[in-house]
Amino acid sequence: MSVDSSVELADFGSLVDLAVQRILVSDEVAATKFWTGTPVEDPLRERQVLAEAGRRAAQMGLDREMTVRFFRSQIDASKVVQRGMLGRWRAHPDLAPTAPPDLQAIRTRLDALTGQMLEQLRATHALRRHSSLCRTLLLDARVPVVAMHDLDGLHRRALDVAVEFVCLPA
C-alpha cells in the first residue's frame, strides 16, 4: 500500500518516548505497592483509567475502542514492570525502595502522560493507518529512545507491550 503524498510522515519518537516515561513511572508504582502490600492487579483503577482515556479520545475525535486498547497495553506494560520489580526486590531486599513514593504525585504524572499520549495518537493517526509503514517507523523510533533511556531487559519487554497497538489494523 502506498502512502498518499498528503500523509505527513509523523515522528513516532515522541510517542515512544512518552510510553517509556510511563513505563519508568511504573517503577514508582511498584515501590508504592511494595510498601503497601497491595497487589499488582487493580481492576477498579484500571477501569477508571480506561474509561477516562476513552472519554478523552472521543472528545478529540479519536477512535474510542482503539484508544482504550492502546491504553490497556500501557497498563499491561506497567504490570510487566511492577511484577519484575517486586520479584527483584523479593530476591534482593537490599535493592528494595527505602521509602514509599507519593501515590498522588504518581497519578498526576500518569494523567499528564495520558494527555500527551492522546495528542501523539491524534498527531500520528494518518500514518498509523498504514500498518506496514507504521510498524517500520515505530521500530526505527524505538532504537534511539531505548538507548537514550538506557532501558534494561525488563523495561524493553514492557515497551514491546506498550507499543503493540500503536499501528491500526489494515
Side-chain angles (χ1 to χ4, degrees), residues 1-30 40-43 45-85 106-170:
M1 169 183 278
S2 66
V3 177
D4 184 307
S5 61
S6 67
V7 174
E8 182 179 328
L9 296 181
D11 176 15
F12 281 115
S14 296
L15 184 59
V16 173
D17 187 62
L18 290 168
V20 169
Q21 289 179 50
R22 194 177 194 293
I23 286 165
L24 293 174
V25 172
S26 300
D27 290 12
E28 295 176 62
V29 174
V40 168
E41 300 293 327
D42 188 351
R45 178 68 179 153
E46 292 172 24
R47 282 192 302 274
Q48 292 169 341
V49 168
L50 295 174
E52 179 64 11
R55 184 191 67 74
R56 290 172 73 179
Q59 288 177 334
M60 296 173 72
L62 292 169
D63 180 272
R64 178 183 289 248
E65 183 180 322
M66 184 285 307
T67 302
V68 168
R69 184 176 30 214
F70 172 79
F71 280 98
R72 164 56 61 200
S73 67
Q74 303 314 300
I75 291 169
D76 291 344
S78 179
K79 290 179 189 181
V80 166
V81 171
Q82 290 174 52
R83 288 185 186 105
M85 297 304 291
I106 293 169
R107 286 185 173 172
T108 298
R109 283 206 324 273
L110 289 173
D111 290 344
L113 286 167
T114 295
Q116 293 171 318
M117 291 174 114
L118 285 165
E119 287 296 334
Q120 285 301 309
L121 288 174
R122 181 167 58 185
T124 58
H125 177 75
L127 182 57
R128 290 184 301 107
R129 290 187 335 214
H130 302 280
S131 61
S132 60
L133 178 60
C134 175
R135 286 190 300 276
T136 300
L137 293 174
L138 188 60
L139 285 172
D140 288 347
R142 256 180 121 256
V143 174
V145 174
V146 166
M148 180 178 66
H149 290 282
D150 194 26
L151 297 183
D152 62 11
L154 173 65
H155 293 84
R156 284 193 311 269
R157 213 167 35 255
L159 181 57
D160 290 341
V161 173
V163 299
E164 183 177 4
F165 294 110
V166 168
C167 300
L168 301 173

Counting C-beta onward and ignoring hydrogens, is there a side-chain heavy-atom pair between [X] and [Y] closer than 4.5 Å?
X	Y	answer
Met85	Val29	no
Leu24	Leu151	yes
Phe12	Arg142	no
His149	Asp17	yes

What distance separates [X] [atom1] from [Y] [atom2], expressed to the nearest 0.5 Å?
X	Y	atom1	atom2	result
Asp111	Gln116	CG	CD	11.5 Å
Leu154	Leu159	CG	CG	11.5 Å
Met117	Leu110	CE	CG	9.5 Å
Thr124	Glu119	OG1	CD	11.0 Å
Asp140	Arg135	CG	CZ	13.0 Å
Leu168	Arg129	CG	CZ	8.5 Å

Looking at every non-hydrogen atom in both residues, tell me the closest pair between Leu118 and Arg56 and how far apart they are.
CD1-CB, 3.6 Å

Atom of Leu50, atom of Phe71 and distance for their closest heavy-atom approach:
CD2-C, 3.7 Å

Acceptor/donor pairs from residues 59-67 side chains to any protein atom, 3.5 angstrom cut, sequence neighbours excluded:
residue: Gln59; atom: OE1; partner: Arg55; partner atom: NH1; Å: 3.1
residue: Asp63; atom: OD1; partner: Glu65; partner atom: N; Å: 3.2
residue: Asp63; atom: OD1; partner: Met66; partner atom: N; Å: 2.6
residue: Thr67; atom: OG1; partner: Asp63; partner atom: O; Å: 2.8

Indicate every side-chain donor-acceptor pair of residues 74-82 with a distance under 3.5 Å to a residue at least two apart or in another chain.
residue: Gln74; atom: NE2; partner: Phe70; partner atom: O; Å: 3.3
residue: Gln74; atom: NE2; partner: Ala162; partner atom: O; Å: 2.6
residue: Ser78; atom: OG; partner: Ser26; partner atom: OG; Å: 2.8
residue: Ser78; atom: OG; partner: Gln82; partner atom: NE2; Å: 2.8
residue: Lys79; atom: NZ; partner: Glu41; partner atom: OE1; Å: 2.8
residue: Lys79; atom: NZ; partner: Glu46; partner atom: OE1; Å: 3.3
residue: Lys79; atom: NZ; partner: Glu46; partner atom: OE2; Å: 3.0
residue: Gln82; atom: OE1; partner: Lys33; partner atom: NZ; Å: 2.9

